[in-house]
Amino acid sequence: MSHVTIKRALSKDEMKQFIRFNYELYKDNKYSVPDLYEDMVATFSDRNAAMEFCEAVYFLAFRDGKLVGRVAGIINRRANETWNLKAVRFGYIDFIDDEEVSRALIDAVVQWGKERGMTEIQGPLGFTDMDAEGMLIEGFEELGTNATIYNYPYYPVHMEKMGFEKDADWIELSIDVPTEVPERLTRISKIVMEKYGLQIKKYTSSKKLAKEYGHEIFRVINAAFKPLFGYSELSERQIDQYVKTYLPFVDLKLVSTIVDKDGKLIAVGISMPSLSRALQKAKGKTFPFGWYHLLKAIKWQHSDTLDLMLAAVLPEYQGKGVNAVLFHDLLPIYISEGYKHVESNPELEVNDKVQSQWIYFERRQHKRRRCFKKDI
């Protein structure tokens, strides 16, 4: 058997190969949801605000001139300082079912990390927690989401054979939307709002939302997610980028903002119609016809499934029933719009506060994903 050759992706054409390899490897898989090519180009470019505190390298694996794998090596200096680590991350990893290929890719990241003083490797992780993270280890026959990674069952087997161990696990739930708002949820929501003087604010203008609370939404996220595994605080440049990139496209009916008696934002919940099938039809491309499938899924004919993109509550209000207020606001909209299921997307298995918010609903855990680690 010929040896595997590792090459660093540097040119525009090589980065195109890097991005497109995932699409080719999974083009016939009915559970994988492709990323939009344009989003990936932006992620790996200097325009990504995370490059303020991240360093990255991209490797391609070839055998006999054929592309057989890819991986990114990432050093997030802010996360390393926060968590007192010297860790190099591996991310965006894909490979054929060949242990020589997967080992060569990981060895390339390890060597790159060692040259920069790193003492351990962990992943799959992106630049920040706003990127998809975690390798699927359960739920291979469940449809993915646009916020998560799908991978074949052989991936984690390769990781374990290379001596990787569990660093953290996320679980994902499919939650049934009830036909009416549970009475208990209504009662608790009313009590919490009266006790803490809270109000629900709704918007019909994304510009107004961005002006009044755009930056505050991400500051709440920073505060809420700060104690969570591997989190690195979003910078002002990142916040600017997310406000401009994402807020104009959300369905404001599916956004809940909660403020205290002084108008300070204390919690936010953002959900959106599932784009999984639309992205599959678009094949990861906006043009020439991908935009039609995406617009149809958002505006004209949404699926019966919602993706919960995030729910964040300021630490001082956590464990006090504020999540009940969020869902008491959003649930009637889910019901009236005809949604039947909500995808939770990844939640750390040790995050009891997040897990407790689902006690009002019928649900099933259908996926689990893992961050692996190893000393180098």
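The first residue in the sequence is number 1, and the count goes up from there.
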Pairwise distance CZ(Arg89) to CD(Glu120) - rounded to 0.5 angstrom: 11.0 Å

Verify same cluster id: Val313, Phe229 (apolar side-chain graph, 4.5 Å): yes

Salt-bridge contact Asp251-Lys253 (side-chain N to carboxylate O under 4.0 Å): yes

Residues which pass side chain to side chain contact (heavy atoms under 4.5 Å, CB included) with Gln365, listed by chain and number, not counting sequence neighbours: Glu138, Ile171, Leu173, Arg368

Those residues that, when tested against Lys244, pass side chain to side chain donor-acceptor pair (under 3.5 Å) (two or more places apart): none

Polar contact flag, side-chain donor to acceptor under 3.5 angstrom, Asn22-Tyr92: no

Centroid separation Phe327 to Tyr360 less than 6.0 Å: no

All pairs passing side-chain hydrogen bond (donor to acceptor under 3.5 Å, both in side chains) where residues 312-324 contributes a residue, at least two apart: Gln318-Lys353, Asn323-Gln357

Ile175 side chain reached by Leu308 side chain, heavy atoms, under 4.5 Å: no

Atom pair OG/CD1 of Ser102 and Ile93 - distance to nearest 0.5 Å: 7.0 Å

All salt bridge (Lys or Arg N to Asp or Glu O under 4.0 Å) counterparts of Lys7, not counting sequence neighbours: Glu14

Validation row: Val354, Leu348 side chains within 4.5 angstrom (heavy atoms): no

All salt bridge (Lys or Arg N to Asp or Glu O under 4.0 Å) counterparts of Glu99, not counting sequence neighbours: Lys161

In one Ile/Leu/Val/Met/Phe/Trp/Tyr side-chain cluster, 4.5 Å: Tyr246, Val268: yes

Donor-acceptor pair between Thr145 and Asn345 side chains, under 3.5 angstrom: yes

Test salt bridge (Lys or Arg N to Asp or Glu O under 4.0 Å) applied to Glu160 - qualifying residues, sequence neighbours left out: none

Heavy-atom check, side chain of Tyr231 versus side chain of Asn222, under 4.5 Å: yes

Parallel, tilted or perpendicular, as decided by the 30° and 60° cut-offs, for the rings of Tyr152 and Tyr26: parallel

Glu236 bridged to Arg219 by N-O distance under 4.0 Å: yes

Electrostatic pair Arg364-Glu142, nearest N-O below 4.0 angstrom: yes

Test item: side-chain donor near acceptor, Asp97 and His158, under 3.5 Å: yes

Straight-line distance of Lys367 NZ to Phe140 CZ, nearest 0.5 Å: 11.5 Å

4.5 Å side-chain heavy-atom contact, Asp35 and Tyr23: yes

Which atom of Ala42 lies closest to which atom of Ser45, heavy atoms considered: O-OG, 3.0 Å

side-chain hydrogen bond (donor to acceptor under 3.5 Å, both in side chains): pairs with one or both residues in residues 172-192, sequence neighbours excluded: Glu172-Arg369, Asp176-His341, Glu183-Arg187, Thr186-His328

Donor-acceptor pairs under 3.5 angstrom involving side-chain atoms of residues 330-339: please list them, not counting sequence neighbours.
unit_1: Tyr334; atom_1: OH; unit_2: Ser271; atom_2: OG; d: 3.0
unit_1: Ser336; atom_1: OG; unit_2: Pro332; atom_2: O; d: 3.2
unit_1: Ser336; atom_1: OG; unit_2: Ile333; atom_2: O; d: 3.1

Glu141, CD atom: more than 12 neighbouring heavy atoms under 6.0 Å: no

For Arg47, salt bridge (Lys or Arg N to Asp or Glu O under 4.0 Å) partners two or more places apart: none

Leu198 side chain reached by Asp260 side chain, heavy atoms, under 4.5 Å: yes

Option passing salt bridge (Lys or Arg N to Asp or Glu O under 4.0 Å) with Glu212 (candidates Lys264, Lys201, Lys202): Lys201

Carboxylate-amine/guanidinium proximity below 4.0 Å for Glu55 and Arg116: yes

Ile137 backbone acceptor or donor facing Tyr155 side chain under 3.5 Å: no

Listed partners of Val57 passing side chain to side chain contact (heavy atoms under 4.5 Å, CB included), at least two apart: Arg8, Phe59, Trp112

Side-chain heavy-atom pair Phe18, Leu67 within 4.5 angstrom cut-off: no

Same apolar cluster (I L V M F W Y, side chains within < 4.5 Å links), Phe361/Leu326: yes

Arg78 side chain vs Asn76 backbone, donor-acceptor pair below 3.5 Å: no

Non-neighbouring partners of Asn48 that pass side chain to side chain contact (heavy atoms under 4.5 Å, CB included), sequence neighbours left out: Thr43, Ala50, Met51, Phe127, Gln241

Donor-acceptor pair between His366 and Glu343 side chains, under 3.5 angstrom: yes

Side-chain cluster (under 4.5 Å, hydrophobic types only) that Trp83 belongs to, other residues: Leu85

Other residues, nucleotides, ligands: >12 heavy atoms within 6.0 Å of Asp262 CG: yes

Lys114 atom NZ, over 12 foreign heavy atoms within 6.0 Å: no

